[in-house]
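Following: one structure in structure tokens, then a few remarks.
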Amino acid sequence: MKHIVILISGRGSNMEAIVQACAAGGWPARIAAVISNRPDAAGLAFAQAHGVPTAVVDHKAFGKGDAARVAFDAELQRVIDGFSPDLIVLAGFMRILTPGFTAHYAGRLLNIHPSLLPAFPGLHTHQRAIEAGCRVAGATVHFVTAELDHGPIVAQAVAPVLDGDDEAALAARVLRLEHRMYPSAVRWFVEGQLAVEGARVRHAGGEPQMFS
């Protein structure tokens with residue numbers, strides 16, 4: 001039985017999708033914990049209501065600057081490791097992680113980013129896609145490395161950019177795809193279907209890795 005720890009900073013709608021899919025799908029895994037860097041994160045109440053243990057490591061308690069980031073990540077790592085995780089899932093976790101943290105969880109740390117990486121790393125991805133005149137946008141699940149919004153790609157979802165779209169409309173369209181794609185990617189991991197070969201991810205089960 002694999003142990004999954006999910007990190008959130010807010011509502012955690014992708015976390016909700018993963019918790020529900022794990023319970024309904026008979027995965028060889030359990031959600032061991034949901035952890036937030038914000039004590040007021042709405043997703044904590046959802047996790048508790050579904051019997052998932054929760055924890056908070058408040059980043060504000062560590063101050064600002066590089067030393068504070070290192071100290072926060074060290075405490076976060078200590079709390080995560082208390083749940084003996086096989087996989088850590090970032091689901092709207094709004095912190096830039098230190099190289100030491102990402103190295104500690106190399107090969108077992110997944111993230112979802114709301115763009116078709118390597119395009120538009122960072123913030124405001126949907127608005128940037130609209131302003132660039134993109135005809136499609138989407139989201140990417142990838143293994144996390146020390147470089148922000150990089151790492152071997154597990155799956156991508158593609159949505160059209162429609163005439164008249166604003167950031168909110170495009171974000172909502174992409175998010176619906178994220179809620180299908182991210183649980184699938186997590187299930188592939190816990191079933192042993194994913195293998196990282198250099199910069200690429202091989203899917204042993206042959207399932208499609210594109211969602212639309």
Side-chain angles (χ1 to χ4, degrees), residues 6-21 34 36-38 41-43 46 59 69 87-99 101-102 105-106 109-189 193-194 196-203 207-212:
I6 305 176
L7 306 187
I8 64 171
S9 291
R11 173 190 165 196
S13 67
N14 273 305
M15 174 272 294
E16 293 181 8
I18 292 167
V19 168
Q20 291 170 337
V34 170
S36 179
N37 64 307
R38 297 177 60 93
F46 173 90
H59 68 279
R69 286 182 58 221
L87 175 66
I88 298 88
V89 176
L90 306 181
F93 187 66
M94 303 303 291
R95 296 287 300 174
I96 296 176
L97 299 168
T98 57
F101 184 95
T102 58
Y105 296 114
L109 181 60
L110 289 179
N111 182 49
I112 192 164
H113 181 73
S115 80
L116 295 172
L117 293 175
F120 306 124
L123 300 175
H124 308 297
T125 57
H126 302 300
Q127 185 62 38
R128 290 158 64 195
I130 292 169
E131 291 173 354
C134 295
R135 303 316 302 165
V136 295
T140 303
V141 177
H142 65 99
F143 283 98
V144 176
T145 63
E147 188 174 0
L148 179 66
D149 295 330
H150 284 70
I153 291 172
V154 175
Q156 291 186 304
V158 179
V161 180
L162 304 179
D163 291 341
D165 267 350
D166 59 13
E167 184 177 10
L170 181 56
R173 188 176 306 120
V174 172
L175 188 61
R176 288 192 291 270
L177 294 175
E178 292 182 26
H179 292 166
R180 291 171 46 212
M181 176 173 63
Y182 212 2
S184 294
V186 173
R187 177 176 60 82
W188 295 337
F189 182 96
Q193 298 291 327
L194 303 179
V196 179
E197 299 176 348
R200 300 178 67 87
V201 176
R202 179 176 57 82
H203 192 300
E207 294 193 43
Q209 294 171 273
M210 291 294 297
F211 294 75
S212 60

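Any value given below was found using the heavy atoms of this structure, including those in side chains, with hydrogens, waters and symmetry copies removed. Just so it is clear, the structure is predicted and the values come from calculations on it, not from any experiment.
Note that OH of Tyr105 is 5.0 Å distant from CD1 of Ile88, once rounded to the nearest 0.5 Å. We find the CG-CD1 distance between Asp149 and Ile96 to be 8.5 Å, quoted to the nearest 0.5 Å. A distance of 8.5 Å separates CG of Leu87 from CD1 of Ile18, quoted to the nearest 0.5 Å. Between atom CG of residue Leu7 and atom CG of residue Leu109 there is a gap of 7.5 Å, rounded to the nearest 0.5 Å. Here Ile6 contributes atom CD1 and Ser36 contributes atom OG; the two are 12.5 Å apart, rounded to the nearest 0.5 Å. Separating the CG atom in Leu90 from the OH atom in Tyr182 is a distance of 5.5 Å, to the nearest 0.5 Å.
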Go through Phe46 and Gln20 one step at a time and tell me if the side chain to side chain contact (heavy atoms under 4.5 Å, CB included) criterion holds. CA-CA 11 Å; Phe46 173 90; Gln20 291 170 337; 3.9 Å; yes
Check against side chain to side chain contact (heavy atoms under 4.5 Å, CB included), Leu175 and Asn14: CA-CA 8 Å; Leu175 188 61; Asn14 273 305; 4.2 Å; yes
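Under the side chain to side chain contact (heavy atoms under 4.5 Å, CB included) criterion, Ser9 pairs with Asn37, Arg38, Phe93, Met94, sequence neighbours left out. Applying the side chain to side chain contact (heavy atoms under 4.5 Å, CB included) rule to Ala146 yields the partners Pro99, Thr102; only residues at least two apart in sequence or on another chain are considered. For Ser13, the side-chain hydrogen bond (donor to acceptor under 3.5 Å, both in side chains) criterion is met by His179, not counting sequence neighbours. With sequence neighbours excluded, no residue satisfies ring-ring contact (aromatic ring centres under 6.0 Å, His included) with Phe143. By the ring-ring contact (aromatic ring centres under 6.0 Å, His included) test, Phe120 pairs with no residue at all, sequence neighbours left out. For Arg95, there are no side-chain hydrogen bond (donor to acceptor under 3.5 Å, both in side chains) partners at least two apart in sequence or on another chain. The side-chain hydrogen bond (donor to acceptor under 3.5 Å, both in side chains) test applied to Thr145 returns no partner, not counting sequence neighbours. Arg128 is linked by a side-chain hydrogen bond (donor to acceptor under 3.5 Å, both in side chains) to nothing, counting only residues two or more places apart in sequence or in another chain. Glu167 pairs by the side chain to side chain contact (heavy atoms under 4.5 Å, CB included) definition with His124, His126, Gln127, not counting sequence neighbours.
A salt bridge (Lys or Arg N to Asp or Glu O under 4.0 Å) check over residues 169-183, counting only residues at least two apart or in different chains, returns the pairs Asp165-Arg173. Sorted by first then second residue, the salt bridge (Lys or Arg N to Asp or Glu O under 4.0 Å) pairs that include residues 130-140, not counting sequence neighbours, are Arg135-Asp163. The side-chain hydrogen bond (donor to acceptor under 3.5 Å, both in side chains) pairs that include a residue from residues 151-160 are Thr140-Gln156, where partners are two or more places apart or lie in different chains.
Here the shortest heavy-atom pairing between Ala185 and Leu110 reads O-CD1, 4.5 Å. Ala137 and Leu170 get closest at one heavy-atom pair: CB-CD2, 4.0 Å.
Considering only heavy atoms from C-beta on, Leu194 comes within 4.5 Å of His203 through its side chain.
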